[in-house]
Number of protein chains: 2
Amino acid sequence: MNLDLEKTLEKHNVKPTAMRLLVLQFLLTEKAAMSLTDLENHFDRSDRTTLFRTLKTFAEKEIVHKIDDGTGVTKYALCEEDCHCEIETDLHVHFHCKICNETICFPENKIPYINLPDGFIADDVSLTVTGICNKCNKSL
Amino acid sequence: MNLDLEKTLEKHNVKPTAMRLLVLQFLLTEKAAMSLTDLENHFDRSDRTTLFRTLKTFAEKEIVHKIDDGTGVTKYALCEEDCHCEIETDLHVHFHCKICNETICFPENKIPYINLPDGFIADDVSLTVTGICNKCNKSL
DNA sequence: ATAGGTAATGCAACAGAAGTGCATTATTTT
DNA sequence: AAAATAATGCACTTCTGTTGCATTACCTAT
Ligand SMILES: [Mn+2]
Ligand SMILES: [Mn+2]
Ligand SMILES: [Zn+2]
Ligand SMILES: [Zn+2]
């Protein structure tokens with residue numbers, strides 16, 4: 001049992017169950033964003049519903065953020081340290097590679113301010129670039 | 001039969017069948033982006049598959065553009081005049097209102113250039129703002 | 001005009017993802 | 001230990017998108 005993982009969950013008021021620790025650890029080792037199906041395939045023994053609700057809890061408690069990469073499959077990635085998923089400060093660009101099918105975070109690329117017409121209020125914003133990633137680009 | 005509608009389809013090398021003209025007309029009258037289900041509900045008499053393939057053809061021939069507004073339901077909206085769905089010139093911001101559930105185009109808000117790390121190639125980009133639209137904002 | 005070929009349509013069925021209800025099991029509190 | 005609360009697992013459902021195939025409409029060449 002990794003104590004750091006437990007601390008992370010407790011800091012976000014999530015009880016550190018066995019499954020949750022495993023999911024957190026898995027997300028830490030993977031640098032690409034993961035889908036529910038990805039988790040399902042990795043954890044053969046666990047039920048999809050449990051994984052689904054684990055991700056839901058993690059997203060609600062701001063341990064992970066949900067990513068809509070345009071594929072129709074929701075992806076999840078760990079939030080940065082001290083992230084509160086705030087529109088002005090935390091939201092960043094995501095990149096989806098159409099060759100290797102991986103979706104990655106660009107935490108350095110914050111989403112630029114969007115000037116909306118009068119009366120419109122922005123709560124959330126999503127900016128996804130689709131194309132070819134650096135790894136796939138090399139092997140062309 | 002509206003001749004303008006026929007001209008529009010022919011200009012994009014799409015044969016102007018009855019259904020296609022009706023769909024095009026419907027999209028012209030609606031200012032919000034429409035989903036396949038929206039079309040299905042509006043055209044009681046037509047088959048879902050026909051509408052699906054109509055939208056697919058329209059998208060391929062650049063009559064409409066597909067919009068991923070983060071709801072998990074693909075929306076479609078008519079392209080601007082002379083649009084070629086080019087990443088630098090044509091792609092624009094979309095707004096999804098979480099109250100009235102409408103998704104609208106902001107053709108004036110072109111998507112800003114995104115500076116990607118070395119080796120990454122951008123083919124496509126999607127920027128969707130979620131929040132409260134001007135109409136719903138008034139009635140709060 | 002007719003026959004043959006091509007394109008569009010309609011019906012049925014399927015796949016994948018997301019989500020819910022409920023019973024069971026585990027954990028915490030009293 | 002008993003009661004209360006939370007997490008898990010199973011079954012089932014809904015929704016969206018998609019494909020195969022037979023039928024129908026349309027166009028073209030003779
Ligand atoms: Mn991210
Ligand atoms: Mn648009
Ligand atoms: Zn790649
Ligand atoms: Zn609204």
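Letters A, B, ... mirror the listed sequences (proteins, then strands); counts begin at 1. Just so it is clear, the structure is predicted and the values come from calculations on it, not from any experiment.
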Plane angle bin for B:F43 and B:F26 - parallel if under 30°, tilted between 30 and 60°, otherwise perpendicular
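The rings of B:F26 and B:F43 stand perpendicular, inter-plane angle above 60°.
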Between A:D124 (side chain only) and B:T130 (backbone N and O only), is there a donor and an acceptor less than 3.5 Å apart?
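The answer is no, because no donor-acceptor pair under 3.5 Å joins these two groups.
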[X]: partners by side chain to side chain donor-acceptor pair (under 3.5 Å), with sequence neighbours left out:
X: A:T103; answer: A:D69, A:H96
X: B:N134; answer: none
X: A:E81; answer: A:K11
X: A:E88; answer: none

Quick check: is B:L116 connected to B:Y113 through a chain of hydrophobic side chains (ILVMFWY, heavy atoms under 4.5 Å apart)?
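No, it is not one cluster - the side chains of B:Y113 and B:L116 are not joined through contacts under 4.5 Å.
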If you round to the nearest 0.5 Å, how far is [atom2] of [Y] from [atom1] of [X]?
X: A:K66; Y: A:C85; atom1: NZ; atom2: SG; result: 11.5 Å
X: B:K110; Y: B:D90; atom1: NZ; atom2: CG; result: 6.0 Å
X: B:I111; Y: B:H94; atom1: CD1; atom2: NE2; result: 8.0 Å
X: B:D68; Y: B:L127; atom1: CG; atom2: CG; result: 11.5 Å

Scan nucleotides 24-30 of chain C nucleotide by nucleotide, 5' to 3', and note B when protein non-hydrogen atoms come under 4.0 Å of the base, S if they reach only the sugar-phosphate, - if neither.
-------
What residues from residues 58-77 of chain A pass a heavy-atom cutoff of under 4.0 Å to DNA chain D?
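Of all residues in residues 58-77 of chain A, none places a heavy atom under 4.0 Å from DNA chain D.
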Residues from residues 93-102 of chain A sitting under 4.0 Å of DNA chain D, heavy atoms only?
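Under 4.0 Å from DNA chain D: no residue of residues 93-102 of chain A.
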Whole angstrom value for the distance that separates P of C:dA18 from CG of A:D38
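That distance rounds to 11 Å.
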Whole-Å distance separating the CZ atom of B:R20 from the P atom of C:dG10
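The distance from CZ of B:R20 to P of C:dG10 comes to 12 Å, rounded to the nearest Å.
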Interface limits on DNA chain D, where chain A has a heavy atom under 4.0 Å of a nucleotide atom
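Range of nucleotides touched by chain A: D:dA6 to D:dA11.
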For A:R48, which residues count as a salt bridge (Lys or Arg N to Asp or Glu O under 4.0 Å) partner, sequence neighbours excluded?
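A:R48 satisfies salt bridge (Lys or Arg N to Asp or Glu O under 4.0 Å) with no residue once adjacent residues are dropped.
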Might you point out which heavy atoms bring A:H12 and A:T8 nearest each other, and give the distance in Å?
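The pair with the smallest heavy-atom distance is ND1-O, 3.0 Å.
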Name all pairs fulfilling the salt bridge (charged side-chain N to carboxylate O under 4.0 Å, His left out) condition that reach into residues 17-42 of chain A, sequence neighbours left out, sorted by first residue then second.
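Residue pairs passing salt bridge (charged side-chain N to carboxylate O under 4.0 Å, His left out), neighbours aside: none found.
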Mind running a 4.0 Å heavy-atom check of residues 41-57 of chain A against DNA chain C and sending the residues that fall below it, in number order?
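Hits under 4.0 Å, by residue number: A:R48, A:T49, A:F52, A:R53.
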Solution key, residues 50-63 of chain B side-chain donor-acceptor pairs under 3.5 Å, sequence neighbours excluded:
| from | atom 1 | to | atom 2 | distance (Å) |
| --- | --- | --- | --- | --- |
| B:T54 | OG1 | B:T50 | O | 2.7 |
| B:T57 | OG1 | B:R53 | O | 2.9 |
| B:K61 | NZ | B:N13 | O | 3.2 |
| B:E62 | OE1 | B:H84 | ND1 | 3.4 |

